[in-house]
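Proteins get letters first, then strands, A, B, ... in listed order; numbering begins at 1 in each.
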There are 2 protein chains.
Amino acid sequence: MTAQPDLLKIGDFAKLANTNLRTLRYYEELGLIQPASRSQGGFRYYRQTDIHRVQMIRDLQELGLHLDRIRELMAVRADVENRDLFLERVREALVEQDRLLQEKIAVLEGQRKKVAQALHKANECRHCSHSPSTDNNYCEPCCTTGERLPDHLSALFQ
Amino acid sequence: MTAQPDLLKIGDFAKLANTNLRTLRYYEELGLIQPASRSQGGFRYYRQTDIHRVQMIRDLQELGLHLDRIRELMAVRADVENRDLFLERVREALVEQDRLLQEKIAVLEGQRKKVAQALHKANECRHCSHSPSTDNNYCEPCCTTGERLPDHLSALFQ
DNA sequence: CCCAACTCTACCGCACACGTCAGGGGCATC
DNA sequence: GATGCCCCTGACGTGTGCGGTAGAGTTGGG
């Protein structure tokens, strides 16, 4: 089969789409993109305009969406003529994504808070003359401040 | 070999440490804990006091530290008699962890921001009478607001 | 001695988005 | 038809912290 007009082999397509072969094949595996055609030898041929599709996937990935979710959206887009329904699906996905991101952030913020507590305590200990021993119950509570050690630090002293 | 005083088999130890066999064996694999001894048949026997060690690992995990990092800290703790050096290592690890958490949070916040932008635009489109077509360059820029579409949404309309 | 309950090692599986081969062909040009 | 570049499929590897299973061995009490 000879070259087709306006169709690109995967290597050239990848360059234009600013990605690489493996990624394109992976997207195809997940049902995110399809080459416009294949040669008899199995070579993939892509339409130039499908570069936008790749870009869309990339853009949605930047929102933190998983490829599965992105595929669902693309599928709705393909199936549905009703623009409102499609927009609604996008809205739903975005709202859910925002919730998901909030949750992740909350977890990380919680960890940061604990780290800060531990750090605070570690600083105090640095300037403290006491050392943990059986006599002072391993600095629990702290001989200087009388405070309890943070959970995540107390074990350090035992 | 008969039961040793004050030593626990892995099952009992796991219960007291509020964890499970698999986790304990995994920690051992990573060099985080060692049973005090083994029976001739290969059974692990743990000291009760090592429950604190497990708890420490758990506590540090809650700060978001990886097990490898935790092992490093525990190793310093074992090797070093100098308490100040140990505390310094802990401080370093905590500071680094805080930085790491900040970075992760920044990424997620960035994603949230983009999601919000896309959502905002999607809401506008919902109440808009225009539809993307070749006539209006696929709503780029928006016929109503004159704004450019967010990157991560423009491709949706093509 | 026997049996139930416990434990052992070794291994595969998961999530996720690819990276990186190996071994084999296809394509276009001279 | 030969050459050199491009492409194919299939498969394993990565990171992380375990979960779960198989098949075999150990322990301790009756």
Would you kindly give the [atom1]-to-[atom2] distance between [X] and [N], to the nearest whole Å?
| X | N | atom1 | atom2 | answer |
| --- | --- | --- | --- | --- |
| A/F43 | D/dT9 | CZ | C1' | 12 Å |
| B/I33 | D/dC18 | CD1 | P | 11 Å |
| B/E62 | D/dG17 | CD | C1' | 15 Å |
| B/I10 | D/dT27 | CD1 | P | 15 Å |
| B/R44 | D/dT26 | CZ | P | 14 Å |
| B/Y46 | C/dT7 | OH | P | 10 Å |
| B/Q40 | D/dG28 | CD | P | 12 Å |
| B/R38 | C/dC8 | CZ | C1' | 8 Å |

Any salt bridge linking [X] with [Y]? Criterion: basic side-chain nitrogen under 4.0 Å from a carboxylate oxygen.
| X | Y | result |
| --- | --- | --- |
| B/E72 | B/R89 | no |
| B/R112 | A/D98 | yes |
| B/E62 | B/R58 | no |
| A/E29 | A/R25 | no |
| B/R38 | B/E28 | yes |

Worksheet, complete the sentence: For A/R53 and A/L32 the tightest heavy-atom approach is NE-O, 2.9 Å
Practice prompt. Respond yes when some side-chain nitrogen or oxygen of B/S39 is under 4.0 Å from OP1 or OP2 of C/dT7, and no when none is.
Written response: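 B/S39 to C/dT7 OP1/OP2: no side-chain N or O under 4.0 Å.
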Worksheet entry | Protein proximity profile, nucleotides 10-20 of chain C - base contact B, sugar-phosphate-only contact S, no contact -, cut-off 4.0 Å on heavy atoms | -B----SBBBB
